[in-house]
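Start at 1 and go down the list; that is how both ligands and their atoms are numbered.
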Amino acid sequence: MNQQKIPATVITGFLGAGKTTMIRNLLTNAGGKKIALIINEFGDLGVDGDVLKGCGAENCTEDDIIELTNGCICCTVADDFIPTMTKLLEREQRPDHIVIETSGLALPQPLVAAFNWPDIRTQVTVDGVITVVDSAAVAAGRFADDHDAVDARRAEDEALDHESPIEELFEDQLTCADLIVLNKTDLIDAAGLIRVRDEVASRTVRKPVMIEARNGEVSAGILLGLGIGTEDDIANRKSRHELEHEDGAPHDHDEFDSFVVELGPIADPAGFVEGLKGIISAHDVLRLKGFVDVSGKPMRLQLQAVGSRIDHYFDRAWTPSEKRATRLVVIGLHEMDQDAVRAAIEALA
Ligand SMILES: Nc1nc2c(ncn2[C@@H]2O[C@H](COP(=O)(O)OP(=O)(O)OP(=O)(O)O)[C@@H](O)[C@H]2O)c(=O)[nH]1
């Protein structure tokens, strides 16, 4: 019997845009659909996987959540993604829908192109690529280069790439989108939202549909059911790297680095968070997230920093079997002085 292709939705977007938050909402409102989740994260801590495994959705149990932690999914398509999908498709009970969260630094194009692999193409189709945007970060100009500075640098060195790696990646993730979700609209006013809409629209020639959201609250009916078949159109959504390297030269993520800081219990979480804010802005840390062991508290403190905006909340009790520890993943540009950042964070403990 010719089985119906399983729809797959790719959820992408820059570091901290709200991908995991949106997926957590989706899992708890998926209308009974059996969902398989593939999560790819930059950095060696697996925070997103831990958060999503904790959301207890019946239609997406721990067995249905697969973490790809060997680097950005765009670089590990052949070694990681394809074998994972092949195994998933061999399962007796096939999912109704597959949701793939790329890392915040991944290019979605190579991942979507992988759906044209023969073993996958006959069984799965890309229902749509959804790019989540941190509207507050766009409104604050985080993705727009200081073009005067770039022009000045470029005047000295013609070979200079005219865009920062962050700006280029931001554009590539928008170029690949079938739907753009302007998230975090609670953090900007109406005038800011207009500026964000204009800025995002100016970054992609394709002008995909743009919707607004807070905390990734978008109905499953919108997110799952775009019915695009994006794998058939991926040749028209080339990334900047593909356009500049028609020879197919591989891309890399050398512009970004991450490392994990492990500490003991923290007695004063509020003071710790304040101290982190200073370190983040002094060293231009792009993203910092993880879990804090607060002295004397049975609950684990989840800490999420996007730029210097830090959220922290007790998310669940430590389990008897797990080792209590404070473990944070720090992500920044390659120029970030990792030793200085690590020492500064350790000094807060
Ligand atoms: N104020 C506000 N915060 C949000 C919203 N959506 C997400 N957040 C917060 O932003 C932080 C990052 O959210 P995540 O969902 O982890 O972002 P992500 O895109 O999965 O992050 P990476 O996987 O690291 O790229 C968390 O503290 C969220 O609670 C929103 O709409 N408004």
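A donor and an acceptor atom, one from each side chain of R309 and Q304, are nowhere located under 3.5 Å apart. For the 3.5 Å distance criterion, the side chains of D172 and S239 fail to qualify, holding no donor opposite an acceptor. Donor-acceptor pairing under 3.5 Å is recorded for the side chains of T61 and D64. Side-chain contact, T230 with D178: a donor N or O sits under 3.5 Å from an acceptor N or O.
Per-residue contacts place G104 under 4.0 angstrom from the following atoms of ligand 1 (heavy atoms of the residue considered): 25 (O). For ligand 1, the atoms sitting less than 4.0 Å from at least one non-hydrogen atom of L15 are 25 (O), numbered in the order shown with element in parentheses. Those atoms of ligand 1 with a heavy atom of G18 less than 4.0 angstrom away are 7 (C), 13 (O), 14 (P), 15 (O), 17 (O), 18 (P), 19 (O). Atoms of ligand 1 lying under 4.0 Å from any heavy atom of R214, numbered from 1 in the order shown and given with element: 31 (O). Close approach of ligand 1 to R287 (heavy-atom distance below 4.0 Å) involves ligand atoms 12 (C), 14 (P), 16 (O), 17 (O), 21 (O), 22 (P), 24 (O).
For ligand 1, none of its N or O atoms has an N or O atom of T185 under 3.5 Å away. Between N183 and ligand 1, an N or O atom pair is found at a separation short of 3.5 Å. Of the polar atoms of G13, none of the N or O atoms is found under 3.5 Å from an N or O of ligand 1, judged by distance alone.
Although no hydrogens or angles enter the test, the distance criterion places no donor-acceptor pair under 3.5 Å between the side chain of T204 and the main chain of V200. Side-chain atoms of T326 come within 3.5 Å of backbone atoms of G264 as a donor-acceptor pair (strictly under, hydrogens ignored). Between the K53 side chain and the I65 main chain, no donor and acceptor come within less than 3.5 Å of each other. Side-chain atoms of D127 come within 3.5 Å of backbone atoms of G227 as a donor-acceptor pair (strictly under, hydrogens ignored). When atom types are taken as modelled, the side chain of Q173 and the backbone of G104 share a donor-acceptor pair closer than 3.5 angstrom. A donor-acceptor contact shorter than 3.5 Å links the side chain of N116 to the backbone of E231.
The aromatic rings of F143 and F14 sit perpendicular to each other, their planes meeting at more than 60°, with 30° as the lower class boundary.
Nearest to atom 5 (C) of ligand 1 among the protein's heavy atoms is N215 OD1, 3.2 Å. Looking at atom 18 (P) of ligand 1, its nearest protein heavy atom turns out to be K19 N, 3.5 Å. Looking only at heavy atoms of the protein, atom 8 (N) of ligand 1 is closest to K184 CE, 3.8 Å. With respect to atom 20 (O) of ligand 1, the closest heavy atom belonging to the protein is T20 OG1, 2.6 Å. Of all protein heavy atoms, the one closest to atom 14 (P) of ligand 1 is T21 OG1, 3.6 Å.
Judged by the shortest distance from any of its heavy atoms, E101 lies inside the 4.0 Å radius around the atoms of ligand 1.
Contact annotation: for L187 versus ligand 1, heavy atoms closer than 4.0 Å belong to the side chain alone. Contacts of K289 with ligand 1, taken as heavy-atom pairs under 4.0 Å, involve the side chain alone. At a heavy-atom distance under 4.0 Å, no atom of E41 approaches ligand 1. Under 4.0 Å from ligand 1, the heavy atoms of D48 that appear belong solely to its side chain.
In terms of heavy atoms, T131 sits closest to A177 at OG1-CB, 3.3 Å.
Taking each of V306, D186, D311 in turn, the one with a heavy atom nearest to atom 2 (C) of ligand 1 proves to be D186.
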